[in-house]
Number of protein chains: 2
Amino acid sequence: MKLTSKGRYAVMALVDLARFDNINPVSLRDISLRQGISLDYLEQIFSKLKKNEIVKSIRGTQGGYVLNKNPKEIKLTNIFNAVDEKVKTVQCKKESKRGCNGKATKCITHNLWDELEIHINTFFENKSLKDLLNNSKETRV
Amino acid sequence: MKLTSKGRYAVMALVDLARFDNINPVSLRDISLRQGISLDYLEQIFSKLKKNEIVKSIRGTQGGYVLNKNPKEIKLTNIFNAVDEKVKTVQCKKESKRGCNGKATKCITHNLWDELEIHINTFFENKSLKDLLNNSKETRV
DNA sequence: TCTAATCTTGACCATTTTAGTCAGGTATGT
DNA sequence: ACATACCTGACTAAAATGGTCAAGATTAGA
């Protein structure tokens, strides 16, 4: 059960963006340097964030990205959904009508995994970018 | 962020075992058939569960596995630890002394990932096999 | 004592996912 | 014109996943 770096990077990059996004757009190059994330990889990630209307882009010199919403409105859920970082505890979810494994019954631990998913997703729904900003000073070890 | 089937199977198998473990040991073959899990794969899983003293084995004909503890004492945490299903949100945890990425500072979202880990682990620590048993009747869809 | 059921161990492997890289573009401010 | 940025799609090495396969050791019961 682990978080992929795509999801982690997306959040890191957005926190970085939010901190420097006062007037001017922030370039991926700057984020890349500050956060130590590959520029090419960041471009993939921001492409998705843009499709999901979390950021806006400004092309050309002095261009970059800008948040498309108030940090308070951007929940972790939105970010993770955008980059396909989903919480998956069961495989049997897809077959909506039927039970698990094609049987007519739910597997005996099905309820548990559902509970777990909800538990994790609740965490994601209750955290916004704004919450993270308040807590994002690089703390010395 | 997903649960691996090793962890899922381990829990399913133990719930199954607990339900049928009244007097006689339960064979992996039976669990395999009831839960639809490959026998060979179950053997790998139970080898780890045994090392972690969650189950005991009885060899030979009429042999099988038996719980080694009261279901109330077996938490999800124990099961997941046994089969190496760990919750990992950051990679930078290993370098204990230093910060993240070899820097002297924590990455800006470090606290977030720590919180998330704790949130998930709390769930695992508060669920025992006994809790699952009460809720494990195969429910019709 | 033979045999079938069962646990035990370790090697092996195909597929999928991850975490990127690379190579080109296109738009735009100066 | 040109440098700076975004944009897009193809490609790939390495790791993890989800197993299979083979061979052996134990033991109950006929």
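Quick caveat: nothing in here was measured; it's all calculated off a predicted structure.
To the nearest angstrom, C1' of D:dC21 lies 12 Å from CG of B:L39. The distance between atom NZ of B:K2 and atom P of C:dT17, rounded to the nearest whole Å, is 6 Å. Nucleotide D:dT17 holds its P atom 10 Å from the CG atom of B:D84, rounded to whole Å. Note: CG (A:L49) to P (D:dC7) measures 11 Å, nearest angstrom. Straight-line distance from the CD1 atom of B:I31 to the C1' atom of C:dC7: 12 Å, rounded to whole Å. Regarding A:M1, its CE atom lies at a distance of 17 Å from the P atom of D:dA16, rounded to whole Å. A straight line from CG of A:D40 to C1' of D:dC11 spans 12 Å, rounded to a whole angstrom. Between B:K6 atom NZ and D:dG19 atom P the separation is 10 Å, expressed in whole Å.
Between A:S38 and C:dT21 there is a side-chain polar atom (N or O) within less than 4.0 angstrom of OP1 or OP2. An OP1 or OP2 oxygen of D:dC6 is reached within less than 4.0 angstrom by no side-chain nitrogen or oxygen of A:K50. An OP1 or OP2 oxygen of D:dG18 is reached within less than 4.0 angstrom by no side-chain nitrogen or oxygen of B:Y9. For B:S27, no side-chain nitrogen or oxygen approaches OP1 or OP2 of C:dA5 to under 4.0 Å.
Of the listed nucleotides (D:dC6, D:dT20, C:dT21), D:dT20 has the atom at the smallest distance from the side chain of B:Y41. For A:S5, counting side-chain heavy atoms from C-beta on, the closest listed nucleotide (C:dA19, D:dC7, C:dT6) is C:dA19.
Within the 3.5 Å criterion, the main-chain N or O of A:K6 finds no donor-acceptor partner in the side chain of A:E85.
For the side-chain contact (heavy atoms from CB on, under 4.5 Å) with A:D16, the lone residue among A:I31, A:V11, A:I37 that qualifies is A:I31.
For A:K56, the side-chain contact (heavy atoms from CB on, under 4.5 Å) partners two or more places apart in sequence, or in a different chain, are A:N68.
More than 12 heavy atoms of other residues, nucleotides or ligands shown are found within 6.0 angstrom of CD on B:E43. Atom NZ of A:K69 is surrounded by more than 12 heavy atoms from other residues, nucleotides or ligands within 6.0 Å.
Contacts between residues 58-68 of chain A and DNA chain C, defined by a heavy-atom separation under 4.0 Å, are made by A:R59, A:G60, A:T61.
Using a 4.0 Å heavy-atom criterion, one finds that B:S47 contacts no nucleic acid atom at all. At a threshold of 4.0 angstrom between heavy atoms, the contacts of A:V55 with the nucleic acid are absent.
Between the side chain of A:E43 and the base of D:dC7, at least one donor-acceptor pair of N or O atoms lies under 3.5 Å.
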Stepwise salt bridge (charged side-chain N to carboxylate O under 4.0 Å, His left out) test for B:D84 and B:K48: CA-CA 9 Å; B:D84 303 313; B:K48 298 188 179 202; 2.9 Å; yes
With a 3.5 Å cut-off and sequence neighbours excluded, list the donor-acceptor pairs that the side chains of residues 70-77 of chain A form with protein atoms.
{"unit_1": "A:N70", "atom_1": "OD1", "unit_2": "A:K72", "atom_2": "N", "d": "2.9"}
{"unit_1": "A:T77", "atom_1": "OG1", "unit_2": "A:F124", "atom_2": "O", "d": "3.3"}
{"unit_1": "A:T77", "atom_1": "OG1", "unit_2": "A:E125", "atom_2": "N", "d": "3.3"}

